[in-house]
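Take a look at the structure set out below.
Just so you know, ligand 1 is whichever comes first in the structure, and atom 1 is the first atom listed for that ligand.
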Amino acid sequence: MSARTSSIAVAALLLSIGMGIAAFIYQKTTQVREALAEEILEQQHDVSTLIQEYGNVLVAIEHNRLSDDEASVAAMKSSVAAAQDQLAQMRSNYSFARLDGAAKAHAYVKPIIEDISQWTTNGLHGYQGDDHFILELSSKRMRDRFPAIRSISTEITAVATELITEQTEFLERFRDSLLLLLFGFVWLSVAIAALLIRQRNLQTQLAKDQETNAQKLIDAETRGRLQAETALLGSEQFLRATLNSLNSDIAILDKEGIVTAVNTPWKTFVSSTHSSYTDGGVGHHYAAVFRSTAVTDEERDGIAEAIKQITEVLDGKKEVMFYEYPCHRKEKRQWSLVSMYTFYTDEDRYAVLVHEDVSRRKQLEERDQRLRAELAHASRLSTAGELASGLAHELNQPLTAIAHNCDAVVSSIRTYTDIDAELVETVNDISEQAHRAGGIIRSMRHLVRKDTSDKLPTDINELVRETVRLTAPEARAKGVKVILRLTDSLPSPTIDPVQIQQVLVNLERNSVEAMGQHNSTIKELTIDTYLNQTGHIEVCITDTGPGIDPGFAEHLFTAFQTTKPEGMGLGLSISRTIVEEHGGRLWIDQNEEDVTMFKFTIPAG
Ligand code: ADP
């Protein structure tokens, strides 16, 4: 049902109720009016009848006074009886208080009629037999009372007229009021109906407005959410792009240490190891992911220490941490730096774990350190070098002269047949030794000359032989046998021969010195050259000395670290720098028992 229809129904109902009430009241008032008219008529009829009966009695008395025959006496008595009947039949009261005329008339007439009935039947006390007197008395009494009774009748008519007029006026007023009431009801019904319709319309409008507002709100919320999502996505993408643009390996951790995001370098770092976390370990605990990247025991120890410090940051004991640890590989020496910073969002605390390969910086640092030491060393050596150079030059000439003279002696004595063969052999030997001494002097001059920075294709085997010539006297003095196992036809790498020579001399001298201080029965220095599996030229210097002191092993390549009273502790660190600058690697191979093995590689190309 529509709002209009239901409102009209309500209005019609109200109107019906109003009309019903009006009809009921109208009916009731009409009934009252009819009852009044009926009572007025009844009263007028009763009083008229009584007056008529009263008149009849008076006439009968007068008639009897004129002729007192029996018929007139009987007629008189009959009229008295009729008047009594009428009195008996008359009502003594009416619903309307003001209709008291009948009662008054009754009250006036009844004693008279009673008296006359009494007098005419039983006679008047003291006047027995005097009927005329009785009749006269009766007539007089009735006549005396007649005007009063008549005025009652007139009064009744006036009261009736008055009552009817009042009633008519009242009814007219009542009808007007009723019409007004009805009109009021109509107006009220219409107003209520209009109000109801308006209320319904307002409700409908309100519902519509609410719906529209709710929709607007939803739209605004959706727009806001979309904008927020877009902004979030944008900031996420920005963050991800920023993270990915950084060279360092970065992982974001929550306060429990779970990896929540990583950048591409981190993924590459994790997957470059033997780790099973191919996606960088997002969703896993950082410690498990980090540990899985360790390859060597040394690295594992470094990571364990780093994790200890990271845990302190995650526990809020400190805000940042930095830790550097070595993670050398077979083919490369390298270091990692782990650092951690914390940041807060609205709800939580996060940490940024940064892993960096700082090998290059470490190498440069080491190199700088060595170069500084080398500079100091070089300045000290330069004097000795210049002296040695002069000495070598001085010695070269007599040695050359000795060699030439020996050659001349040999050529001349060969013509003599009786010359002792042993003498020839001895002179030959002198010549040979002089040549050898000359070679040593040349190598020494070569070693100390200043223009040493040029790289050129070099026969590595020849370089080894040259250095062995330099170190042979010391080896011989210490009872060390030198064994060369040099692979023929090796490629000639482009190197600075003097620098690589220095590496070889350092390694050979270390071996000879180690074996010299050791009471081993076998004292052998073996030098191997060969092409390794990665295509590098590899040089292996093996000695049967005491090996590296375990407490010293970790300082082996550190500058100024030595176990020798007169040592500088620079040989190995300088050698490593030289080899690495040539694109190779120098390390100690401890896989073989009873021997000490230093190896270095040089790119063959
Ligand atoms: P230096 O020879 O001046 O001590 P190095 O850097 O060449 O400096 O060597 C550092 C240390 O390494 C030596 O003092 C020695 O203890 C140890 N070392 C080097 N080579 C050997 C070797 N072949 N056998 C035993 N120890 C060695």
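Residues with a heavy atom under 4.0 Å from ligand 1: Asn510, Ser511, Ala514, Asp543, Gly547, Ile548, Phe552, Leu556, Gln561, Thr562, Thr563, Lys564, Gly567, Met568, Gly569, Leu570, Gly571, Leu572, Thr596, Phe598.
Of the residues listed (Lys523, Lys564, Lys478), the one engaging Glu513 in a salt bridge (Lys or Arg N to Asp or Glu O under 4.0 Å) is Lys564, and it is the only one.
Between His328 and Trp335, the ring center distance clears the sub-6.0 Å criterion.
For Gln215 and Asp219, the side-chain atoms include at least one donor-acceptor pair closer than 3.5 Å.
The number of heavy-atom neighbours closer than 6.0 Å to CZ of Arg485, taken from other residues, nucleotides and ligands shown, is 12 or below.
Ring geometry, His355 versus Tyr325: the interplanar angle falls from 30° to 60°, so the pair is classed tilted.
Glu305 is linked by a salt bridge (charged side-chain N to carboxylate O under 4.0 Å, His left out) to Lys308, counting only residues two or more places apart in sequence or in another chain.
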